[in-house]
> 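Okay, here's the structure, questions in a sec.
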Amino acid sequence: MALSDYLVTDDLTIILALVAAGLFLLHNLYKPQALVHPILLGRQSDVARVRNPAESAVYRNYSTGMLGRFPLRPSKDQQVVLDLVKPDADAPRSLWSTKITNPELRARTANIGAGLMRLAGLAPQESNVLLLLNDGMEFLLADLALASHSIPSFTLTSLALLSSVLENHPPSAIITQAEFLPQLLEHMYDTNETNNHTIVVVGDINSLKLPRLHNVRIVQWDDLEREGASVDKATLPIPDPNDVFTVSFFQMPSGGYEGVQLTHQNLTAGVAATRALMPPSSAISSLDTILSAHPMSTPYGRAIAYTALFEGTGFATVDSTKLIKPEDAPTLTGLKDLRTTANYRTSSPTILFVRPDHLDSLSSSILQEAKKSSWLLQNLAWRHKLANILEGFITKQSLWDRLVFDRARVKVMGKGAGTVRAVIVSGGPLETQALTPARIALSVPVINAHAHPLVAGPVFASHALDLQTFPTTDPSPASSAADAYAFTYLAPVGPPSVNVEAKLTHVDDAAVEAGADPIGDLHVRGPSVGQPLSVEEEPEEEELRGWRATGERAKVAPNGTFKVAVGSKA
Amino acid sequence: MAFDLGTPVNTALLIYILYSIQRIIFPSSSIPKTVPNEFKHGYTWMPKTHPPTLLFQTYTPKTLAPFNGEDGKRILLAIRGVVYDVTAGRNFYGPNGMYANFAGRDASRGMAKQSFDESMLTPIDQPLDKLDDLTPEEIENMKGWMEHFSSKYIVCGKLVENDAV
């Protein structure tokens, strides 16, 4: 038969040809567009052109650049911490259980400050006040009041540090909760403290049995506020942004403790960096509610709280941030911990600053709930979502969310299913394998950040719309076991934050010149990095000043993202 | 109208349609094992190399001299102990350039006196030029050149005496 006999066409051919052409266009052109162009993800850090021997080059965020200046504050009006409470923003919002506006907050701060000066006998720049409080309005008010009076506040990240801090850095006054007062008084009795102390107590002390101590004066918080409100308040001198306003004490993995001095500028820079975590198209605004699992006694937790204050969002913290807990209360983790914020008056959270255990708990619960729908639907939904992620796209409004995942999210998160729009994870190791299921389950930007007790604000943060999924490679043989695990299995934490520069020391020069990824000890510098108490003298030269050793090891990938081997500190 | 699925053209089209439908309903969701080095080949990609970074090194006049751009080598020049990588200015400092005299040498005197003469250069095996006899204007001129070089080119080392290493 001739060739033309094979190529017989009829009307069915036309129909089939049209359908085929339609399907071809649909399949090839209707691909989801990546949320961020991959070319931008290939160069996330700006790298210095020269490096010193045994060190890596200095890395900065690409948007800041090696020649750019670090942002020191969210906008030029915020010079000191109290400026973060914008005086002209009038809208009320809920901070924990209190609905308050900025002018009211400023008024209360002024009252507390005046009360403290009168009843606690404090002198600006000479006294120190130890805050032994759980995160709440009182912590915030005390911190703001002390900052505006130039009195440094001390905070502890764990009660185990209490005796060392009281011994080596005795405060002039202590603000604490009623539940902790008996223990504190017993501690002072045991150590035979002879200095005069003033203790300001939040809460009701009438029902407590208190040991008698001569040199201790106990003042109630409410009396303090009333006293301060009744007094005429003179205008206070504005503190210098480079004055230390707080010292945060934390435990070192080697056993001792360290304190980091934070100035007003450190914190405004930290707020600028925390704001930069969200992309400009979906920046933090006053319509948001922030939920934080990082205690305000840490610099990062404080920066998150002040970012919430600055933007006028609602703010709440979870139970595991509490410093002072009842004796046998277990430390909550995961979903149970997140649900403890239901008691507060804040509306449903929109941005979560949580730890990896919260993220894992959320994503595994949602995926388990999703499995309860039909097997075929759930499989198809997973396949489609994963295919979209491999193209760089994720959305909460797809067909598969409506069919499968929305129901699961509502069951697990309640109202949060509709409101949560971003999750920022830090405070522990996050594995690469856990990241993609979390992205599918939540379908919102999941940002992997890295925080350190010395830095107000994030140190590293991944690009918000970065959905790259790298396969696990074989571990390189040269590094130690902890390094090998971290650099193979942990998710990259992204480039340095907008106002932090990072470098690695003790780097193998020969390997790096041959093209390998630099691996070494991480050092950071920037306006949001506080000064540790143990560092007294600084080198003279501009190039060497200000670098702080973090005690962690890190590795840089060719696209400028870091992987940090997290030490045993939180 | 005739409908005949048996014809080869119709069968081929039908197979293509079924294949397309299958790809649309069951998209491929396997993470590729090797990571491409170009963004055109995939959303998840990694550049092959790190951005180029020079190692800060200490040079002596003898070790600096080879770097004059011949055989494709880098071009370095030194002013007052600071070594600059001027490979980007191959037109000026390369083998056939106007200022080729300075390549691989201590150019301090020439920069100060604004001259490209051979007499401005000290021989390699002698100690470095102390620049004692320069007038303040010439020192200022040299500092101006140092700033120009710092912003235009890369500072990549320092120059010390031959026996200091």
Side-chain angles (χ1 to χ4, degrees), chain A residues 6-13 15-17 19-20 23-24 26-27 30 34 37-43 45-53 55-57 380 382-393 436 467-471 473 509 512-513 515-518 556-560, chain B residues 1-58 83-85 88 150-151 153-158:
Chain A
Y6 280 112
L7 293 175
V8 149
T9 61
D10 56 5
D11 298 324
L12 185 59
T13 311
I15 297 170
L16 288 179
V19 173
L23 280 179
F24 172 78
L26 185 71
H27 184 226
Y30 192 61
H37 198 287
I39 199 176
L40 296 173
L41 298 176
R43 192 79 182 262
S45 304
D46 202 11
V47 187
R49 304 296 300 275
V50 188
R51 65 186 184 89
N52 289 326
E55 279 183 11
S56 74
L380 273 182
W382 178 274
R383 275 188 85 140
H384 276 261
K385 283 247 165 206
L386 187 55
N388 276 359
I389 285 185
L390 293 174
E391 293 285 327
F393 179 78
T436 308
L467 295 173
Q468 292 185 318
T469 36
F470 290 97
T473 52
D509 271 337
V512 173
E513 291 294 306
D517 294 339
V556 195
N559 63 0
Chain B
M1 296 213 282
F3 290 100
D4 189 359
L5 270 175
T7 55
V9 179
N10 286 355
T11 316
L13 283 174
L14 185 65
I15 291 175
Y16 178 74
I17 286 172
L18 290 176
Y19 167 77
S20 281
I21 291 179
Q22 190 261 333
R23 289 250 65 122
I24 288 174
I25 297 186
F26 297 99
S28 88
S29 55
S30 54
I31 302 177
K33 286 280 180 317
T34 54
V35 178
N37 292 124
E38 297 262 319
F39 70 91
K40 291 192 270 266
H41 300 317
Y43 174 75
T44 300
W45 69 291
M46 184 66 80
K48 212 151 40 148
T49 54
H50 285 260
T53 305
L54 296 168
L55 187 54
F56 193 91
Q57 281 173 334
T58 308
V83 175
Y84 299 93
D85 182 317
S150 292
S151 55
Y153 299 108
I154 313 168
V155 173
C156 69
K158 61 183 182 185

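Letters go in sequence order (proteins before strands), and every chain restarts at 1.
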> Could I get the full list of side-chain contact (heavy atoms from CB on, under 4.5 Å) partners for B:Thr53, not counting sequence neighbours?
A:Val47, A:Arg51, A:Ala57
> Roughly how far, to the nearest 0.5 Å, is OG1 of B:Thr11 from CG of A:Leu16?
9.0 Å
> OG1/A:Thr13 to CG/B:Leu14 distance, rounded to the nearest 0.5 angstrom?
11.0 Å
> Testing the basics here: between B:Leu55 and A:Glu513, what is the closest heavy-atom pair and its distance to 0.1 Å?
CB-OE2, 3.8 Å
> Looking only at heavy atoms, which two atoms of B:Pro51 and A:Arg43 are closest? And how far apart?
CG-NE, 3.8 Å
> Counting only non-hydrogen atoms closer than 4.5 Å, does A:Ile39 touch chain B with its backbone (N, CA, C, O), its side chain (CB onward), both, or neither?
both
> So which atom in B:Met46 and which in A:Ala557 form the shortest heavy-atom distance, rounded to 0.1 Å?
CE-CB, 3.8 Å
> For residues B:Phe56 and A:Glu55, determine if any side-chain heavy atom of one lies less than 4.5 Å from a side-chain heavy atom of the other.
no
> Find the one option among A:Thr469, A:Asp509, A:Val556 whose heavy-atom pairs under 4.5 Å with chain B are most numerous.
A:Thr469
> Tell me, do B:Lys48 and A:Pro558 make a side-chain contact under 4.5 Å, heavy atoms counted?
no
> Strictly distance-based, threshold 3.5 Å: is any side-chain N or O of B:Thr44 a donor or acceptor partner for the main-chain N or O of A:Phe470?
no
> Please collect all side chain to side chain donor-acceptor pair (under 3.5 Å) contacts where either partner lies in residues 12-32 of chain B, sequence neighbours excluded, each pair once.
none
> Nearest heavy-atom pair of B:Val35 and A:Pro471: which atoms, and what distance?
CG2-CD, 3.5 Å
> Could you have a look at A:Pro518, A:Gly42, A:Gly560, A:Ala48 and say which one has the most heavy-atom pairs with chain B under 4.5 angstrom?
A:Gly42
> Please rank A:Pro53, A:Gly515, A:Ser56 by heavy-atom pairs under 4.5 Å with chain B and give me the top one.
A:Pro53
> Of the listed residues (B:Ile24, B:Ile31, B:Asp85), which shares the most heavy-atom pairs with chain A below a 4.5 Å separation?
B:Ile24
> Answer yes or no: are there more than 12 heavy-atom neighbours, outside A:Arg49 itself, under 6.0 Å from its atom CZ?
no
> Examine whether an atom of A:Asn388 lies under 4.5 Å from a heavy atom of chain B, and if so say whether it belongs to the side chain, the backbone or both; otherwise answer neither.
neither
> Minimum heavy-atom separation for A:Asn559 and B:Pro47, please, with both atom names.
CB-CD, 3.7 Å
> Any side-chain heavy atom of B:Tyr43 within less than 4.5 Å of one from A:Leu467?
yes
> Could you check whether any side-chain N or O of A:His384 sits under 3.5 Å from a backbone N or O of B:Ile25, counting only pairs where one atom can act as donor and the other as acceptor?
yes
